[in-house]
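Please read the structure below before turning to the comments.
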Amino acid sequence: MKLKALFLPLSLVILIFLFLPVFSILTGITPIQYIHSLKDRQIVSSILLSIELSFFATILVLILGVPLAYLLARSKFPFKGVLEAVVDIPVMIPHVAAGIALLMVFQANGYLGEFFKKVGISFLDTPYGILIAMMFVSSPFLINSAKEGFKKVDERVEFVARSLGASPLHTFFKISLPLARKDIVNGAIMMWGRGIGEFGAVVIIAYHPMTAPVLIYDRFTSFGLNYALPITALVVLISIAIFIVIRVLNNLEK
Amino acid sequence: MGYLEVKNLHLKKGAFELRNINFSLEKGDFLAIIGKTGSGKTVLLETLTGIHKPKGKIILEGKDITNTPIEKRGIGLVYQDFMLFEHMSVKENLLFPKNRDINLFNRLVKQFDLEKLLLRKPKSLSGGEKQKVAIARAILSKPKLLLLDEPLSSIDFGFRYMFLEFIRDIHKEFNLTTIYVTHNLKEALNLSNRCGVLINGKLLQFGQTGDVLKNPKNSAVAKFLGYKNILDGKLVGLKDMLFSVSPYNICVGDCGDFKLDVELVSLIKKEAGFLAKVRAKSELFYIFVREKPPKQFKVGFKKNDMVVFEK
């Protein structure tokens, strides 16, 4: 009881710290300003661009990162820790530095930029640039969450499935993936949300077309807080609404 | 050649080792592998299933399956905690096996009394119901060999006898060659015609169940089987041996083929008498007595009541 009495005020402090800024943004503008913001084509298109590109980045990491997460959860091999550290690098480094690093690789004469240039894809100031920036900085959220999800699936369930005649691939899709689904979807939501909000890496590789965070920065530096607040409030509101809906759907049992 | 031949099976898994496992089963045999927790029973089943890569050979129906992938072996495995697919209904679990046959499904659903459970998720089932679903699912894969890993350990004590009957009936009806792992001697005796004693990764004895239980090959097996009074002895004309006499087969007084003077060490009260711990020279052993014995007295036992085994 004494412990709870000690922890409760401490918990309240951190909860207020987390909630108050969001609350102040949401209540910082009037309903009429919300409606005006929704009529501002630049605001709407920047929000849609952020949501859309972060969604595609998440889909790409679902395709490429979930298999990696499964391997990391199930396999034992030398230097596995190094591989896990590689996955975590984007979380550890400053996001502006991540943007510079991506620029080195994806600029026209970079390691991969040259190859993509041949197939007609350029990354500087294009949606592709935004996409890879979002992928790079937010993929650890999805990969690590999926890895934890697969770890929670008892390997013996997979053995039993195989003893019933299922191939390893069939076992993965019918048993492991559905059982780890909650963690994978939660990781995808985290990645998507992180992607929508990504600024540092995006601003280096593609200032244009403007994503919502870049537009917020642009309006704040050019016109001040009053001009930045409506789009900020709208982005926060839309993000929270989407995440609540997906989380509720994911947590609903069939 | 037997239906299942296991030859010189060896597996190292961390600090644990399965060492030189050899046995052979005929079609329809029911083998009980008994041993304490940690003796390697589950690892042995998993190795037969193909989960671990051992040295040695596993031959099933004349075909070497040592390196065959799990899904192509035709070996059904039921773990003690069932490993049902929690995200699927009971029906989806039962219809998961690749070899499923809808007629067999209908028959088993009826026979196992699963109709009412079909749409439920495993989470909502009792231990006994999970057990039935897990065994039915394994049978629906039409296995050549069925492996049961302590299947009664999650069943309430009161229902265990019922499940023993259930497993015996299933084995009989489908003539399924079965390996059943347990640490419970009664279960082994009730179900199996073959028995193996696995201790510290070694199959110390294998044979007809009755033979194994009555004639332990060595002191480790005898101790595991619950033999009391394991004593040193020397058979005339033979090497040094160990022997055991049940406390209930030792008589008090000038009786039996072998006679000993003993000294009373302690007494434990039992329902119809006392279990007396006694000393003869340096050996300590137990005898059952109806009345409190004096400090020093004579005991004896018959030659036929001795079980002799290797040191």
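Throughout, protein chains are lettered first and strands after them, A, B, ... in sequence-line order, and every chain is numbered starting at 1. Just so we're clear, the structure is a prediction, and the values are computed from it rather than from any experiment. Because only heavy atoms are used, hydrogens play no part in the values below, and waters and symmetry mates are left out as well, while side chains stay in.
- Within a 6.0 Å sphere centred on NZ of B:Lys116, other residues, nucleotides and ligands contribute 12 heavy atoms or fewer.
- Note on B:Arg73, B:Met83, B:Lys98: by heavy-atom pairs under 4.5 Å with chain A, the leading option is B:Met83.
- Counting heavy-atom pairs closer than 4.5 Å to chain A, the top-ranked of the candidates B:Leu147, B:Leu84, B:Asn99, B:Asp81 is B:Asp81.
- The 12-atom threshold is exceeded at CG of A:Leu20, counting heavy atoms of other residues, nucleotides or ligands nearer than 6.0 Å.
- No other option in B:Ala134, B:Ser141, B:Pro97 has as many heavy-atom pairs under 4.5 Å with chain A as B:Pro97.
- Residue-level contacts of residues 62-94 of chain A with chain B do not occur; threshold 4.5 Å between heavy atoms.
- By a heavy-atom distance cut of under 4.5 Å, A:Asp154, A:Arg156, A:Val157, A:Phe159, A:Val160, A:Ala161, A:Arg162, A:Ser163, A:Leu164, A:Gly165, A:Ala166, A:Ser167, A:Pro168, A:His170, A:Lys174 are the residues of residues 145-174 of chain A near chain B, going up by number.
- The neighbour count for B:Lys12 NZ, taken as heavy atoms of other residues, nucleotides or ligands under 6.0 Å away, is above 12.
- Using a 4.5 Å heavy-atom cut-off against chain A, the contacting residues of residues 22-52 of chain B are B:Glu46, B:Thr49, B:Ile51.
- B:Arg19 is linked by a salt bridge (Lys or Arg N to Asp or Glu O under 4.0 Å) to nothing, counting only residues two or more places apart in sequence or in another chain.
- Between A:Leu179 and B:Phe85, the closest side-chain pair of non-hydrogen atoms is not below 4.5 Å.
- The number of heavy-atom neighbours closer than 6.0 Å to OH of A:Tyr128, taken from other residues, nucleotides and ligands shown, is 12 or below.
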